[in-house]
Amino acid sequence: MYQIVKRQKLADKIYLMDVKAPRVAQYCEPGQFVIVRMDEKGERIPLTICDYDREAGTITIVFQTVGESTEHMVALQEGDAFLDFVGPLGCASDLIGEEIEALKKKKILFVAGGVGTAPVYPQVKWLHQQGVACDVIMGARTKDLLILEEEMRAVCKNLYVTTDDGSYGFHGVGTAQLQALWEEGVRYDHCVAIGPMIMMKFVAKLTKELGIHTIVSMNPIMVDGTGMCGACRLLVGDEVKFACVDGPEFDGHLVDFDQAMKRQAQYKTEEGRAMLRFVEGKTHHGGCGNCGGDE
Ligand code: NAD
Ligand code: FES
C-alpha cells in the first residue's frame with residue numbers, strides 16, 4: 001500500500017497529494033507519469049509526476065476531479081493509502097537527456113495551462129537545479145484557479161501569469177502573452193507546452209509560425225497508461241504512436257491535434273469505442289476495462 005502523507009486543496013476541484021512510494025521516487029525523472037488505483041475494483045488513473053523527493057521517498061501528484069474515480073480519490077485523507085502506485089512510466093522529458101552546457105545556451109520557454117502547470121513544475125525545477133534558466137508562461141481561466149505560482153516563481157527566471165478573464169496578471173491566454181513578448185523582441189528557441197489539448201494545438205500553431213521548436217505532452221488522451229487499451233493512439237508526422245509508451249512528449253509541430261481530439265471524444269462513448277474497434281481492430285486489445293476489448 002502507498003500511504004498519502006500530505007493532502008492539500010490547491011484550487012476548486014484541484015488537489016495535491018504527496019504519496020510514499022520510495023522506489024518510484026528513487027528512479028523517476030521529470031516528464032514521467034504514474035498510474036494509481038485505489039482498490040481492486042478501481043480504475044487505473046495515469047497522472048504526470050509533479051514533484052519527487054528521493055530522500056523522503058515521496059511523489060507529488062496533482063489532479064483535477066473530472067469523474068467518479070477522481071471524486072473517490074478526493075475522499076482519501078492523509079494516512080489513507082492507494083492499493084497501486086505504479087511507475088515511473090513513459091519517457092522522461094527530452095531536455096533531461098541533453099548536455100547541460102547546450103541547454104544553458106538555449107532560450108527555453110514553458111507554456112503551462114491550468115492543471116498542466118503541475119507537470120511543467122518538475123521540468124523547470126530540474127533545469128533550475130542544473131543552473132539552466134528558463135521562462136514560464138502559466139495561465140488559468142481566473143485568479144482562483146492558478147496553482148503553484150510561488151513554487152514556479154522560485155525556480156524560473158521570468159514568470160508570466162495570465163488569466164483568461166483578466167482577474168490577475170496578463171489579460172488573455174498563453175498564446176497572446178507569447179505573441180506580446182515576441183512583439184517586444186523577446187526570443188525563444190525551445191518551447192514546452194503542457195495543458196489542455198486545445199491550448200497545446202494553438203501554442204504549436206503559433207510557435208511553428210515563429211520558428212520555435214516545440215514539445216507537447218499528450219497525457220490527456222491516456223486511459224489505462226499501459227499500452228493495452230489503444231486510447232492514446234495518435235499520429236505524429238506520418239507515424240502512429242501511443243502516448244503512454246512512446247511519449248507522453250512529442251514534437252508539437254508534428255502531432256495531428258485534430259485527429260487526437262476527435263479520437264479522444266470518440267473514446268468517451270460506447271458507440272465511439274465500437275467504431276474505433278471496427279476501424280482500428282486489434283489496437284484495442286483490452287486491459288483498460290473501458291473499450292470492451294477484454295470481453
Ligand atoms: P482550462 O480549460 O481551464 O485551460 C487552462 C488554460 O489553458 C487557460 O486558462 C488558457 O491559458 C489556456 N488555454 C485554453 N484554451 C486555449 C486556447 N485555445 N489557446 C491558448 N491557450 C488556451 O484547463 P484546466 O481545466 O485547468 O485543465 C484541465 C485540462 O488540462 C484538461 O484538458 C487536461 O487534460 C489538461 N491537462 C493536461 C496535461 C498534459 O500533460 N498535457 C496534464 C494535466 C492536465
Ligand atoms: Fe496508451 Fe491505453 S493509454 S494504450
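Whatever order the structure lists ligands and atoms in, that order sets their numbers, starting from 1.
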Trainee: Set out, in order, the CA-CA distance, both residues' side-chain angles and the distance that settles salt bridge (charged side-chain N to carboxylate O under 4.0 Å, His left out) for Glu209 and Lys205, then state yes or no.
Mentor: CA-CA 7 Å; Glu209 288 162 22; Lys205 186 170 180 287; 3.8 Å; yes
Trainee: Which atoms of ligand 1 sit under 4.0 Å from any heavy atom of Ala140?
Mentor: 9 (O)
Trainee: For ligand 2, which atoms, with element, lie under 4.0 Å from some heavy atom of Cys244?
Mentor: 1 (Fe), 3 (S), 4 (S)
Trainee: Does either side chain, that of Asn219 or that of Ser217, offer a donor lying less than 3.5 Å from an acceptor on the other one?
Mentor: no
Trainee: Under a 4.0 angstrom heavy-atom cut-off, which atoms of ligand 2 come close to Gly225?
Mentor: 2 (Fe), 3 (S)
Trainee: Could you list the atoms of ligand 2 found under 4.0 angstrom from a heavy atom of Cys232?
Mentor: 1 (Fe), 3 (S), 4 (S)
Trainee: For atom 4 (O) of ligand 1, what's the nearest protein heavy-atom neighbour? Residue, atom name and distance, please.
Mentor: Pro196 CG, 3.5 Å
Trainee: Transitively linked via ILVMFWY side-chain contacts under 4.5 Å: Met17 with Tyr15?
Mentor: yes
Trainee: Do Val86 and Val245 belong to the same hydrophobic cluster, where Ile, Leu, Val, Met, Phe, Trp and Tyr are linked whenever their side-chain heavy atoms lie under 4.5 Å apart, directly or via other members?
Mentor: no
Trainee: Within a reach of under 6.0 Å around CG of Asp238, are more than 12 heavy atoms found that belong to other residues, nucleotides or ligands?
Mentor: no
Trainee: So which heavy atom in the protein is nearest atom 37 (C) of ligand 1, and how far is it from that ligand atom?
Mentor: Gly195 O, 3.2 Å
Trainee: Which of the listed options, Glu249, Met138, Lys205, Gln64, holds the heavy atom that is closest to atom 24 (P) of ligand 1?
Mentor: Gln64
Trainee: Which bit of Asp164 is near ligand 1, meaning a heavy atom under 4.0 Å away: side chain, backbone, both or neither?
Mentor: side chain
Trainee: Could you verify whether a donor N or O on one side chain and an acceptor N or O on the other, from Thr162 and Gln177, lie under 3.5 Å apart?
Mentor: no
Trainee: Is there a chain of hydrophobic side chains (I, L, V, M, F, W, Y, each step under 4.5 Å between heavy atoms) that links Leu47 to Met1?
Mentor: no
Trainee: Looking just at side-chain N and O atoms, do Glu98 and Gln130 make a donor-acceptor pair shorter than 3.5 Å?
Mentor: no
Trainee: Using the rule that Ile, Leu, Val, Met, Phe, Trp and Tyr join whenever any side-chain heavy atoms are under 4.5 Å apart, tell me whether Met218 and Met199 fall into a single cluster.
Mentor: yes
Trainee: Pull out every atom of ligand 1 sitting under 4.0 Å from any heavy atom of Ile198, numbered as shown with elements.
Mentor: 15 (N), 18 (N)
Trainee: Among protein heavy atoms, which lies nearest atom 20 (C) of ligand 1, and at what distance?
Mentor: Thr175 OG1, 3.4 Å
Trainee: Given 3.5 Å as the limit, does a donor-acceptor pair link the side chain of Arg37 with the main chain of Phe82, or not?
Mentor: no
Trainee: Which of the numbered atoms in ligand 2 are under 4.0 angstrom from any heavy atom belonging to Gly230?
Mentor: 2 (Fe), 4 (S)
Trainee: Could you check whether Lys201 pairs with Asp258 (Lys NZ or Arg NE/NH1/NH2 to Asp/Glu carboxylate O, under 4.0 Å)?
Mentor: yes
Trainee: For atom 5 (C) of ligand 1, find the nearest protein heavy atom and state the residue, atom name and distance (0.1 Å precision).
Mentor: Gly114 N, 3.4 Å
Trainee: Would you name the heavy atoms of Lys208 and His253 that are closest together and state the gap between them?
Mentor: N-NE2, 3.3 Å
Trainee: Among all protein heavy atoms in this structure, tell me which lies nearest to atom 14 (C) of ligand 1, with the distance rounded to 0.1 Å.
Mentor: Met199 CB, 4.0 Å
Trainee: For atom 2 (Fe) of ligand 2, find the closest N/O/S atom on Asp224 and give its atom name.
Mentor: OD1
Trainee: For ligand 1, which atoms sit closer than 4.0 Å to a heavy atom of Gly113?
Mentor: 5 (C), 6 (C), 7 (O)
Trainee: Measure the distance from atom 39 (C) of ligand 1 to every protein heavy atom, then report the residue, atom name and distance (to 0.1 Å) of the closest one.
Mentor: Ile194 CG2, 3.3 Å
Trainee: Atom 1 (P) of ligand 1: which protein heavy atom is closest, and how many Å away?
Mentor: Arg141 NE, 3.8 Å
Trainee: For ligand 1, which atoms, with element, lie under 4.0 Å from some heavy atom of Phe202?
Mentor: 18 (N), 19 (N)
Trainee: Has the side chain of Arg54 got a donor or acceptor atom that lies under 3.5 Å from a matching backbone atom of Cys28?
Mentor: yes
Trainee: Could you tell me which atoms of ligand 2, counted from 1 in the order shown, lie closer than 4.0 angstrom to a heavy atom of Val223?
Mentor: 3 (S)
Trainee: So if I count the atoms of ligand 2 from 1 in the order they appear, which ones are less than 4.0 Å from some heavy atom of Met228?
Mentor: 4 (S)
Trainee: Answer with side chain, backbone, both or neither: which part of Met218 has a heavy atom less than 4.0 angstrom from an atom of ligand 1?
Mentor: neither
Trainee: Spell out, yes or no, whether Val111 and Phe202 are grouped together once hydrophobic residues are joined by side-chain heavy atoms under 4.5 Å, including indirect joins.
Mentor: yes
Trainee: Which ligand 2 atoms, with their elements, are less than 4.0 angstrom from a heavy-atom of Cys229?
Mentor: 2 (Fe), 3 (S), 4 (S)
Trainee: For a quick test of reading the model, state the closest non-hydrogen atom pair linking Ile194 to Pro119 and the distance between them.
Mentor: CG2-CG, 3.7 Å
Trainee: Quick test of your reading of the structure: of Gly116, Pro220, Gly139, whose heavy atom lies closest to atom 43 (C) of ligand 1?
Mentor: Gly116
Trainee: Could you tell me whether ligand 1 has any atom less than 4.0 Å away from a heavy atom of Met200?
Mentor: yes
Trainee: Any idea which part of Lys201 is under 4.0 Å from ligand 1, heavy-atom wise: side chain, backbone, both or neither?
Mentor: neither
Trainee: Looking at atom 41 (N) of ligand 1, what's its closest protein heavy atom, distance included?
Mentor: Ser217 O, 2.9 Å
